[in-house]
Number of protein chains: 2
Amino acid sequence: MKLTSKGRYAVMALADLARFNNINPVSLRDISLRQGISLDYLEQIFFKLRKKEIVQSVRGNQGGYVLNKKAKEIKLTNIFDAVDEKVKTVQCKKESKKSCNGKSTKCLTHNLWDELENHINDFFEKKSLEDLIKDNSERRI
Amino acid sequence: MKLTSKGRYAVMALADLARFNNINPVSLRDISLRQGISLDYLEQIFFKLRKKEIVQSVRGNQGGYVLNKKAKEIKLTNIFDAVDEKVKTVQCKKESKKSCNGKSTKCLTHNLWDELENHINDFFEKKSLEDLIKDNSERRI
DNA sequence: TATAAACCCGACTAAAATAGTCAAGTATCT
DNA sequence: AGATACTTGACTATTTTAGTCGGGTTTATA
């Protein structure tokens with residue numbers, strides 16, 4: 001299971017983007033300043049987000065990024081997936097099925113990890129970017 | 001968020017222990033062989049489990065470990081806690097509340113991580129060791 | 001057309017975490 | 001007495017993380 005800064009930054013940056021997503025693209029420089037994330041690191045992250053078509057880039061002066069879909073349609077799963085944050089608790093597929101299939105207690109816990117994985121993925125599957133910014137503006141201001 | 005081999009090993013080892021928990025204590029050597037976990041590493045893990053009173057040790061020849069409570073009463077939370085696997089998605093408490101409390105979008109995602117944390121902890125809070133071995137024996141054999 | 005803003009992309013790296021190993025014990029059963 | 005098994009601390013190789021660095025290319029605008 002991984003869930004590290006990269007994933008968090010990606011979500012933070014996209015939430016920021018969703019908020020300031022007007023006519024004009026949002027530059028990474030602005031996001032970097034607002035969210036306190038290194039510009040260079042943001043570039044790495046957005047490179048991946050672009051490849052997965054979550055954002056679109058606008059090159060040149062006054063350029064930046066825009067969301068490629070509606071905030072409602074961007075689920076957290078998509079984001080984590082894009083930046084390679086795999087919610088993977090155990091890689092049982094590698095260990096050939098012979099050594100696993102019901103053999104003693106070794107695999108006793110595998111169902112658990114599967115279950116957990118589904119549980120977490122469900123959570124991420126249901127949450128969209130829109131939920132994030134909506135939740136937040138409801139609670140404050 | 002961390003959820004690594006140490007946590008998995010701890011759960012596997014305890015599930016093994018719960019299964020073979022008869023009158024006699026179970027030696028780490030046996031668990032090591034059955035689960036394919038290095039004996040030295042198991043010792044480290046059980047040192048922690050003992051300190052948190054999840055297991056009891058029986059020293060000397062024919063010694064080993066026994067569960068210190070009923071399998072039903074040992075929740076996964078307790079296990080992860082004992083081996084320092086913290087389900088912590090973000091440490092927002094450090095960043096003083098001034099810098100966080102509703103200031104722009106920086107904290108926009110904090111509710112999310114809180115929610116996720118609760119979600120996962122809930123899952124672990126509900127699952128006991130007994131659930132594990134019961135689930136498993138139901139499905140096979 | 002010059003220039004600055006902004007994206008593009010690969011390579012490198014310090015620090016931390018992980019998953020152990022190693023060594024030298026101590027306790028207890030037979 | 002001897003074997004088995006727990007106890008404990010220190011050490012370490014490997015991997016991952018969270019970046020940095022450096023050199024591009026593209027495009028708006030003055």
Side-chain angles (χ1 to χ4, degrees), chain A residues 1-13 17 20 23-66 68 80 83-86 88-91, chain B residues 1-13 17 20 23-68 80 83-91:
Chain A
M1 157 104 61
K2 290 193 306 175
L3 186 46
T4 62
S5 292
K6 186 148 58 182
R8 274 188 274 126
Y9 287 170
V11 174
M12 285 165 69
L17 189 52
F20 292 89
I23 310 106
N24 303 320
V26 181
S27 75
L28 292 190
R29 195 170 159 279
D30 288 353
I31 297 180
S32 165
L33 290 174
R34 278 195 295 258
Q35 304 296 330
I37 304 169
S38 132
L39 179 59
D40 285 309
Y41 203 29
L42 270 181
E43 286 183 347
Q44 277 188 45
I45 292 169
F46 272 75
F47 178 64
K48 294 179 178 204
L49 293 175
R50 196 174 62 84
K51 274 201 303 189
K52 291 288 177 125
E53 304 185 325
I54 291 173
V55 296
Q56 258 188 338
S57 70
V58 179
R59 300 188 69 150
N61 191 356
Q62 301 287 68
Y65 286 91
V66 289
N68 202 23
F80 288 125
V83 298
D84 303 316
E85 294 261 286
K86 301 217 171 61
K88 221 181 192 177
T89 48
V90 70
Q91 59 284 61
Chain B
M1 158 103 60
K2 290 192 306 175
L3 185 47
T4 62
S5 292
K6 185 149 58 183
R8 273 187 275 127
Y9 287 171
V11 174
M12 284 166 71
L17 189 52
F20 292 88
I23 310 106
N24 303 320
V26 181
S27 75
L28 293 190
R29 195 169 159 282
D30 287 353
I31 298 180
S32 164
L33 290 174
R34 277 195 294 258
Q35 305 297 327
I37 305 169
S38 131
L39 178 60
D40 286 308
Y41 203 29
L42 270 182
E43 287 181 346
Q44 276 188 45
I45 291 169
F46 272 75
F47 177 64
K48 294 179 178 202
L49 292 175
R50 197 176 62 85
K51 275 202 302 191
K52 292 288 177 124
E53 303 183 328
I54 291 172
V55 295
Q56 257 188 340
S57 69
V58 179
R59 301 188 68 150
N61 191 355
Q62 301 287 67
Y65 287 91
V66 288
L67 294 182
N68 202 23
F80 289 125
V83 296
D84 303 316
E85 293 261 287
K86 301 217 171 60
V87 176
K88 221 181 192 178
T89 48
V90 68
Q91 60 283 64

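So that the names make sense, note that chain A is the first sequence line, chain B the second, and so on, each numbered from 1.
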Using a 4.0 Å heavy-atom cut-off, does [X] contact any base of the nucleic acid, only the sugar-phosphate backbone, or nothing at all?
| X | value |
| --- | --- |
| B:Tyr9 | sugar-phosphate |
| B:Val26 | sugar-phosphate |
| B:Tyr65 | sugar-phosphate |

For this session: Establish, yes or no, whether the cationic atom of B:Arg8 lies under 6.0 Å from the six-membered ring centre of B:Phe80 and within 45° of the ring axis.
Result: no
Exercise. Can you give one letter per nucleotide of nucleotides 22-30 of chain D, going 5' to 3': B for a protein heavy atom under 4.0 Å from the base, S for sugar-phosphate only, - for none?
Worked result: ---BBBB--
Problem set entry | B:Gln44 (side chain) and D:dT7 (base): donor-acceptor pair under 3.5 Å | no
Minimum-distance pair of heavy atoms, taken over all atoms of [X] and [Y]:
| X | Y | result |
| --- | --- | --- |
| A:Tyr65 | A:Ser57 | CE2-CB, 3.6 Å |
| A:Val83 | A:Lys6 | O-CE, 3.6 Å |
| A:Pro25 | A:Gln62 | CG-O, 3.6 Å |

From C-beta outward on [X], which listed nucleotide comes closest to its side chain: [options]?
| X | options | answer |
| --- | --- | --- |
| A:Ser27 | C:dA6, D:dA18, C:dA19 | C:dA6 |
| A:Arg50 | D:dT8, C:dC9, D:dG19 | C:dC9 |
| B:Tyr41 | D:dA18, D:dT20, C:dA19 | C:dA19 |

Exercise. Just one of B:Ile54, B:Leu67, B:Asn68, B:Leu42 clears the side-chain contact (heavy atoms from CB on, under 4.5 Å) bar with B:Leu49, so which one?
Worked result: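 Of the listed options, the one satisfying the test is B:Ile54.
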Exercise. Which of these, B:Leu17, B:Val26, B:Val66, sits in a side-chain contact (heavy atoms from CB on, under 4.5 Å) with B:Val55?
Worked result: B:Leu17
Write down the distance between [atom1] ([X]) and [atom2] ([N]), rounded to a whole number of angstrom.
| X | N | atom1 | atom2 | value |
| --- | --- | --- | --- | --- |
| A:Lys48 | C:dC7 | NZ | C1' | 17 Å |
| A:Lys51 | C:dG10 | NZ | C1' | 12 Å |
| A:Ile37 | D:dT20 | CD1 | P | 12 Å |
| A:Ile45 | D:dT20 | CD1 | C1' | 14 Å |
| B:Leu28 | D:dC6 | CG | C1' | 7 Å |
| A:Leu42 | C:dC8 | CG | P | 13 Å |
| B:Arg29 | D:dA3 | CZ | P | 15 Å |

Exercise. Does any N or O in the side chain of B:Ser32 come within less than 3.5 Å of the main-chain N or O of B:Ile37, such that one atom is a donor and the other an acceptor?
Worked result: yes
Problem set entry | Plane angle bin for B:Tyr41 and B:Tyr9 - parallel if under 30°, tilted between 30 and 60°, otherwise perpendicular | perpendicular
So, OP1 or OP2 of [N]: does either fall under 4.0 Å of a side-chain N or O from [X]?
| X | N | value |
| --- | --- | --- |
| B:Ser57 | D:dA5 | no |
| A:Thr4 | D:dA18 | yes |
| A:Ser38 | D:dG19 | no |

Problem set entry | Pairwise 5' ranking along DNA chain C for A:Asp30 and B:Ser5, keeping only the more 5' one |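 It is A:Asp30, whose closest nucleotide lies nearer the 5' terminus.
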